[in-house]
Amino acid sequence: LLSSVCPSQSISFPTGIASHRIQPHSLLHKPKETNSKMRRNTIIYTSLLWVASEAFTASKLLAQHSTGGVGTCSPLTTSTATQRSVLKNPQVASSSETTEEPWWVNFKFEHADLAEKTRPDFEILTSTIGEMEKPLVYLDSAATSQKPNQVVDAISYYYKAQNSNVHRGAHTLSREATAAYEGARDTITSFINANSRNEIVFTSGATEAINLVAQSYGRRYLKEGDEIVISEMEHHSNLIPWQILAEQTGAVLRFVKIDFETGGLDLDQMTSLFNEKTKIVAFQQVSNVMACVNPVKDIVAEVRAKAPEAVILLDACQSVPNRPVDVQDLGIDFLAASGHKMCGPTGIGFLWGKEDILNSMPPYMGGGEMIDHVTLEGATYAKAPARFEAGTPAIAQAVGLGAAIKYLQAIGMEKINAYEHEIAEYMYKRMLEVDGVNVLGPPVGEDRAALCAFWVDKVHPSDLSTFLDMEGIAIRAGHHCCQPLHQARNISHSARASLYFYNTKEDVDYFIEK
């Protein structure tokens, strides 16, 4: 790190660690060595990276306050290109220097009490990280949210007091387990304003939900030459199933491009793709990388006008957790969501579909529970949702998802959305002030989700994530299951910081500082 900041300096490393320009990412991620000396040297080098990171921050402060600016490159100074905005320490600053506090120091959120009130429900947020016991700052909720005590307790209670298989017994435990499981379905029904509880199909997550639609609806109704419209920004779970379906049926994939200037979909180009051949349109409501909020109702109106035979599937993984979603108001045909991004457990999600469409689709899997009548020669199938829930379901996970939704409803989705809008704009503005940081997505003033995918000039996202982890900060690095999006932007990877209602202004400030 120091050698990249000050290339004119001669920096020595212990013998055996590096005899050339070191590539931290490759060293920290190379396969395990059996040689104990190499393992020891790797540990030493990792420690040096941490020391270098600390020295890098300290050098900027010293340079700024001892010289009144940025001096020539030396082990304790930085160049202007690498300087970033930091809070000046009045104890270090010269008494003759007049300083003006940055805008963000005393900035207040209107809904800041939401985080203060809910954080005690998430015990993991009091954790410390590493030997230095840095307080955890969790900025990876777009990958999975943390789980409140209420959800953990609901799952624990099920196993302690209600554990039994559902739908298959007349005894008390079976009845109680069935009531808890089906109660979660009712909770989801009201949460997204479904027309009927029969429209809610439990799945292992959004990935299974989308595959279910592709393999059941798609294989029955699509034929060669039909068109499937998806976008460049889709998560792989809303891309690969359609690629497979196209190979199976001869259907054609059409792709909506991203307008990187506006940070969202190119809506004009999107609508130009809709025609009488369009049979499926699938897209995200909120992008897990671009952070843009797509205008669902406007897109639906265009589809209905130009492709009346098409069904519309909405990937709501990044929207259902943080904003009100009304499937009847949106006018879509299918919606897929994952429980683990909305305070629920892993291994559970749901598919919402219009009841008449679901009942027109063949089963996705065969087995118990999904049948009506069985003989050796054949079978008839139950109506939705049982038709798509073969075998023993994820009962405890469904109970946990129901508890998570009740927790969110008790807070209020409007309040969650309002607070996330505040903290999202705050993080975005602060990141724009950091030299060398490039943030994907819509500009200030546009509706953004509470996440920022970004890259830093001359720093690999995985190295950045490693450095931040040493400070207790959890962010994500990689392609976020969106390789085509990164290819379209001509970058291989990005880092991503994502927030939820339990994050605070202090979390963002600490992240920016480090």
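Predicted model, so just to flag it, every value in this text is computed and none were measured.
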Gap separating the [atom1] atom of [X] from the [atom2] atom of [Y], nearest 0.5 angstrom:
X: Phe350; Y: Ile188; atom1: CZ; atom2: CD1; answer: 5.5 Å
X: Met431; Y: Phe454; atom1: CE; atom2: CZ; answer: 4.0 Å
X: Thr187; Y: Ile192; atom1: OG1; atom2: CD1; answer: 12.0 Å
X: Phe283; Y: Ile332; atom1: CZ; atom2: CD1; answer: 7.5 Å
X: Met290; Y: Leu485; atom1: CE; atom2: CG; answer: 6.0 Å
X: Leu265; Y: Cys292; atom1: CG; atom2: SG; answer: 5.5 Å

Checklist entry - Is the shortest side-chain N to carboxylate O distance from Lys429 to Glu433 below 4.0 Å? => result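 The answer is no: the pair does not qualify as a salt bridge.
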Checklist entry - With the threshold set at 4.0 Å, does a side-chain nitrogen-carboxylate oxygen contact exist between Asp326 and Lys297? => result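 Salt bridge flag = no for Lys297 with Asp326.
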Would you name the heavy atoms of [X] and [Y] that are closest together and state the gap between them?
X: Pro321; Y: Leu408; result: O-CD1, 4.3 Å
X: Leu273; Y: Val229; result: CD1-CG1, 4.2 Å
X: Val256; Y: Asp266; result: CG1-O, 3.9 Å
X: Lys257; Y: Gln269; result: N-OE1, 2.8 Å

Next on the checklist: If we count only N and O atoms by modelled type, under 3.5 Å, do the side chains of Tyr426 and Asp509 hold a donor and an acceptor together?
Outcome noted: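 A pair is found: one side chain offers a donor N or O, the other an acceptor, under 3.5 Å apart.
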Next on the checklist: If only side-chain N and O atoms count, and only distance matters, is there a donor-acceptor pair under 3.5 Å linking Glu234 with Ser231?
Outcome noted: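 Side-chain D/A pair, Ser231 to Glu234: present.
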Next on the checklist: Going by the rule salt bridge (charged side-chain N to carboxylate O under 4.0 Å, His left out), which residues pair with Glu208 if we only count those two or more places apart in sequence or in a different chain?
Outcome noted: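 Residues passing salt bridge (charged side-chain N to carboxylate O under 4.0 Å, His left out) with Glu208: none at all.
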Item to check | Which residues share a salt bridge (charged side-chain N to carboxylate O under 4.0 Å, His left out) with Asp259, sequence neighbours left out | outcome: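 None.
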Checklist entry - When you look at CD of Glu123, are more than 12 heavy atoms from neighbouring residues, nucleotides or ligands closer to it than 6.0 Å? => result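 Result for CD/Glu123: open.
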I'd like a table of donor-acceptor pairs (distance under 3.5 Å, sequence neighbours excluded) in which one partner is a side-chain atom from residues 149-156, with atom names and distances.
{"from": "Asn149", "atom 1": "ND2", "to": "Asp121", "atom 2": "O", "distance (Å)": "3.4"}

